[in-house]
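In what follows, residues are counted from 1 in the order of the sequence shown.
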Amino acid sequence: MERFLKSESAIKKLENLRHFLLSDRWLIILCAITAVFACLHSYFNGAFDIIGTTVLAYITGICFVISGDIFAMLIPALFTYMIAIRCYNSLNEFLEIWWVFIPLILMLLFNIIFYGKKPSIKGSQFKPMMFVSVAVTLGGIGFISPEEYFAGSSVYHMLGMGFGMVLIYCFFYSKIEINNEYSLIQKLTKIMVVIGLFASFMVIIHYVLNINTVIDKGGIIYIRWRNNISTILMLAMPFAFLEANKKSYATIFGFIYYLAILLTGSRGGMVFGSIEILMCIIMFILYDKRRRLAYVFITVCIVFGVLIFLPQITQFLNYTFERLFNVLNDFLLGGDDTETRVRHYARGVEDFFNRPLFGTGLGYMGNRDIFKNKAGALCWYHCEPIQVAASFGCLGIIAFIYQFIKRNALIWKKATLFNMSIFLSYISLEMMSLVNPGILCPMPYLLLITLFLVVVEKCDDGEKQEKIPIFKKFKKLLKKNS
């Protein structure tokens with residue numbers, strides 16, 4: 001970018017602008033802009049979602065042109081996603097204005113050409129990601145029709161889970177470096193905390209702007225984007241506890257995220273979010289000595305509050321409980337199979353045994369008799385293990401297990417609070433992926449996990465971190481109990 005600027009004052013202004021794009025002030029401005037579209041969605045029932053997504057996408061594109069810093073690009077991109085998740089079944093509307101997005105492609109190419117470095121294949125996740133890419137690409141070979149294999153959504157997900165994400169990983173690995181301007185750990189933590197707070201705001205403001213419906217129903221109201229927003233909140237939750245390790249007021253953030261998850265009405269969010277917050281509380285009670293009493297006090301207060309108001313809370317969450325018990329009844333007791341996900345699971349197992357080597361492929365549309373997917377969407381099985389087995393066969397199972405092992409080997413290589421927070425965030429996404437596409441969605445979930453792993457690898461040796469005696473602590477607890 002500097003090559004286009006002749007004067008030193010112009011170059012200095014550019015540098016100041018780049019610093020601004022990484023500042024707290026810019027975060028606040030983005031929050032304010034996105035909040036306007038979030039409120040418009042809840043009040044006007046989604047009429048402004050496409051406009052909001054487009055505006056924020058252009059802000060992201062401008063950041064791509066101005067700065068080559070990954071985090072300067074990531075921040076507005078995540079806010080764009082926060083509005084885009086409400087554009088349910090809007091593919092045709094976006095296709096009608098396809099020409100609007102041509103400049104965004106040019107902005108991305110500009111960033112790659114002028115800020116890009118030679119992609120590096122030195123990262124520890126390169127080989128497992130290549131293995132997965134081969135399995136994903138071969139999925140359905142010899143079974144799926146060419147029309148299904150080369151369909152737009154199929155190609156996007158194949159590249160996004162496979163070789164395309166490998167390129168992004170190599171790009172991240174070459175671009176992200178330890179620097180003197182900011183700590184990678186602190187920057188990533190702050191971004192995820194803010195995204196979690198904003199996601200909580202989106203849920204709460206939806207209730208506020210639909211208060212009459214809430215009063216009429218006396219409980220949870222329907223939110224179409226509940227699973228996506230719950231997944232974002234679960235990804236962010238461990239970072240709230242990590243931030244509390246530095247700033248005491250952040251102690252409450254993780255509990256706010258959990259409340260927002262419950263308000264979404266997401267069954268997966270309720271079950272796995274409960275498991276996640278328990279893991280976070282246990283982890284930070286054990287290893288955050290300065291705030292140990294604060295975690296214990298808040299947890300005890302919440303438990304007592306729940307016990308006191310248990311009938312009211314149960315009644316308010318009744319909508320989620322009923323849907324949860326319905327699927328459990330169908331899954332465990334062999335109900336009347338009215339639950340779509342249960343039928344998808346059974347069909348996925350059947351598809352795997354029919355095509356055990358390479359599976360049926362991502363673009364396979366033979367299961368539309370169970371649920372007719374929307375335009376531009378895959379026919380998901382809504383469970384990662386079943387999806388991998390059914391779509392990619394035995395080759396996919398081996399590849400994804402190998403990748404899972406290598407990811408955890410990297411995270412657990414150095415036991416620090418940051419790495420354990422990454423682990424809790426990653427494992428929460430894996431849990432949500434048992435009942436949703438989750439980590440199989442390239443943008444933003446797999447992209448974020450890919451970014452997390454690069455930051456872990458760079459910071460293990462590049463940033464000073466205190467190791468936590470995680471296994472010694474558990475051994476002491478076991479000895480005391482015995």
How long is the gap from CG on L188 to CG on L448, to the nearest 0.5 Å?
8.5 Å
Inter- and intrachain pairs under salt bridge (Lys or Arg N to Asp or Glu O under 4.0 Å), touching residues 408-420, at least two apart
none
Any residue meeting ring-ring contact (aromatic ring centres under 6.0 Å, His included) with Y58, in chain and number order, not counting sequence neighbours:
none
Identify the two heavy atoms, one from I221 and one from H206, that lie closest to each other, and give their separation to 0.1 Å.
CD1-CD2, 3.8 Å
Can you give me every donor-acceptor pair (side chain of residues 20-27, partner residue at least two apart or in another chain, under 3.5 Å) with its distance?
from: S23; atom 1: OG; to: F20; atom 2: O; distance (Å): 2.6
from: S23; atom 1: OG; to: W26; atom 2: N; distance (Å): 3.3
from: D24; atom 1: OD1; to: K190; atom 2: NZ; distance (Å): 2.9
from: D24; atom 1: OD2; to: K190; atom 2: NZ; distance (Å): 3.2

Partners of F172 by ring-ring contact (aromatic ring centres under 6.0 Å, His included), sequence neighbours excluded?
none
Do F198 and F79 have ring centroids that are under 6.0 Å from one another?
yes
Which pairs with one or both residues in residues 446-463 pass salt bridge (Lys or Arg N to Asp or Glu O under 4.0 Å), sequence neighbours excluded?
E177-K458
Partners of F418 by ring-ring contact (aromatic ring centres under 6.0 Å, His included), sequence neighbours excluded?
none
Within-4.5 Å side-chain heavy-atom neighbours: P437 and Y445:
no
Test of understanding: with side-chain contact (heavy atoms from CB on, under 4.5 Å), list the residues that count as partners of A409, not counting sequence neighbours.
none
Show every donor-acceptor pair shorter than 3.5 Å between a side-chain atom in residues 230-239 and any protein atom, with sequence neighbours excluded, or say none if there are none.
from: S230; atom 1: OG; to: R226; atom 2: O; distance (Å): 2.8
from: S230; atom 1: OG; to: T264; atom 2: OG1; distance (Å): 2.9
from: T231; atom 1: OG1; to: N227; atom 2: O; distance (Å): 2.7

Which pairs of donor and acceptor atoms, one on a side chain in residues 293-309, lie under 3.5 Å apart (sequence neighbours left out)?
from: Y295; atom 1: OH; to: F241; atom 2: O; distance (Å): 3.4
from: T299; atom 1: OG1; to: Y295; atom 2: O; distance (Å): 2.6

Kindly write out the residues that satisfy ring-ring contact (aromatic ring centres under 6.0 Å, His included) with F352, not counting sequence neighbours, or none if the list is empty.
none
Distance-minimising heavy-atom pair for Q465 and C459:
NE2-O, 3.0 Å
Of the non-hydrogen atoms in L434 and Y345, which two are nearest, and what is the gap between them?
O-OH, 3.6 Å
Side chains of L417 and F284, heavy atoms from C-beta outward: is any pair under 4.5 Å?
yes
What salt bridge (Lys or Arg N to Asp or Glu O under 4.0 Å) pairs are there with at least one residue in residues 213-222, not counting sequence neighbours?
none
Between F400 and I439, is any pair of side-chain heavy atoms under 4.5 Å apart?
no
Flag this pair as yes if the NZ/CZ of R323 is under 6.0 angstrom from the six-membered ring centre of Y319 and inside a 45 degree cone about the axis; otherwise no.
yes
Just distance, no hydrogens or angles: give the donor-acceptor pairs under 3.5 Å from side chains in residues 268-279, sequence neighbours left out.
from: S274; atom 1: OG; to: Y258; atom 2: OH; distance (Å): 2.6
from: S274; atom 1: OG; to: M270; atom 2: O; distance (Å): 2.5
from: E276; atom 1: OE2; to: S428; atom 2: OG; distance (Å): 3.3

What one should report as the nearest heavy-atom pair of L262 and I220 is O-CD1, 3.5 Å
Go through the steps to decide whether T60 and T80 satisfy the test side chain to side chain donor-acceptor pair (under 3.5 Å), and finish with yes or no.
CA-CA 8 Å; T60 304; T80 304; 3.2 Å; yes
K187 to F71 six-membered ring, cation-pi geometry met (6.0 Å, 45°):
no
Heavy-atom side-chain proximity of I50 to I97 below 4.5 angstrom:
yes
Got W380 and L440 here, is their nearest side-chain heavy-atom distance under 4.5 Å?
yes
